[in-house]
Amino acid sequence: MLPRSGDVIHVTKAASVQFAAPMLFRVIRVHDWPTYEGWIWLDGYELNATGDAVERRSIFVQASGLRAVGKAPDPRMRNGRQPGVVSGTIQARSVRTNR
């Protein structure tokens, strides 16, 4: 599994021995840095039990050891809006021309 920005993943020792104590992690960025086969660098936030970010971290893990907990929201649905759909009213301004 290759995570993407916004994904929440469960990181355990299956991803790296340094994570003997499992943690939840919200991905900010997946780096494209050259690494060993199957390993990736991730930037993100360690989450507490209620899902709040408690610490920003960069981690080096095996992608095959990661387990998805939640998917990133569809960027087209950000803030509950849909592309091309206009909601609310727009105030029109009158344009003054010099004659």
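The structure displayed is predicted, hence computed values, not measured ones. Just so you know, residue 1 is the first one in the sequence shown, and it goes up from there.
The minimum heavy-atom distance linking Thr12 with Gly65 is given by the pair OG1-O, 4.3 Å. Across Pro3 and Ile9, no two heavy atoms sit closer than the pair CB-CG2, 4.3 Å.
A search for side-chain contact (heavy atoms from CB on, under 4.5 Å) contacts involving Asp32 returns nothing, not counting sequence neighbours. Residues forming a side-chain hydrogen bond (donor to acceptor under 3.5 Å, both in side chains) with Ser64 (at least two apart in sequence, or on another chain): none.
Distance check, rounded to the nearest 0.5 Å: NZ of Lys13 to CZ of Phe19 gives 14.0 Å. Here the straight-line distance linking atom CZ of Phe25 with atom CG of Asp43 works out to 7.0 Å at 0.5 Å rounding. Interatomic distance, Arg57 CZ to Glu46 CD, rounded to the nearest 0.5 Å: 5.0 Å.
Panel note: side chain Ser16, backbone Val61; no donor-acceptor pair is recorded below 3.5 Å.
Looking only at side-chain heavy atoms (C-beta outward), Ile59 and Met23 come within less than 4.5 Å of each other. The closest side-chain heavy-atom distance from Leu42 to Ser58 is not below 4.5 Å. For the pair Val11 and Pro22, the minimum side-chain heavy-atom distance is 4.5 Å or more.
Under the 4.5 Å side-chain heavy-atom criterion for Ile, Leu, Val, Met, Phe, Trp and Tyr, Ile40 and Tyr36 are members of distinct hydrophobic clusters. In this structure, Val27 is a member of the same hydrophobic cluster as Leu2, with clusters built from ILVMFWY side-chain heavy atoms closer than 4.5 Å. Residue Trp33 is grouped with residue Phe60 when hydrophobic side chains (ILVMFWY) are merged at heavy-atom distances under 4.5 angstrom, including chains of intermediate members. Linking Ile, Leu, Val, Met, Phe, Trp and Tyr whenever their side-chain heavy atoms come within less than 4.5 Å leaves Val54 and Leu47 in two separate clusters.
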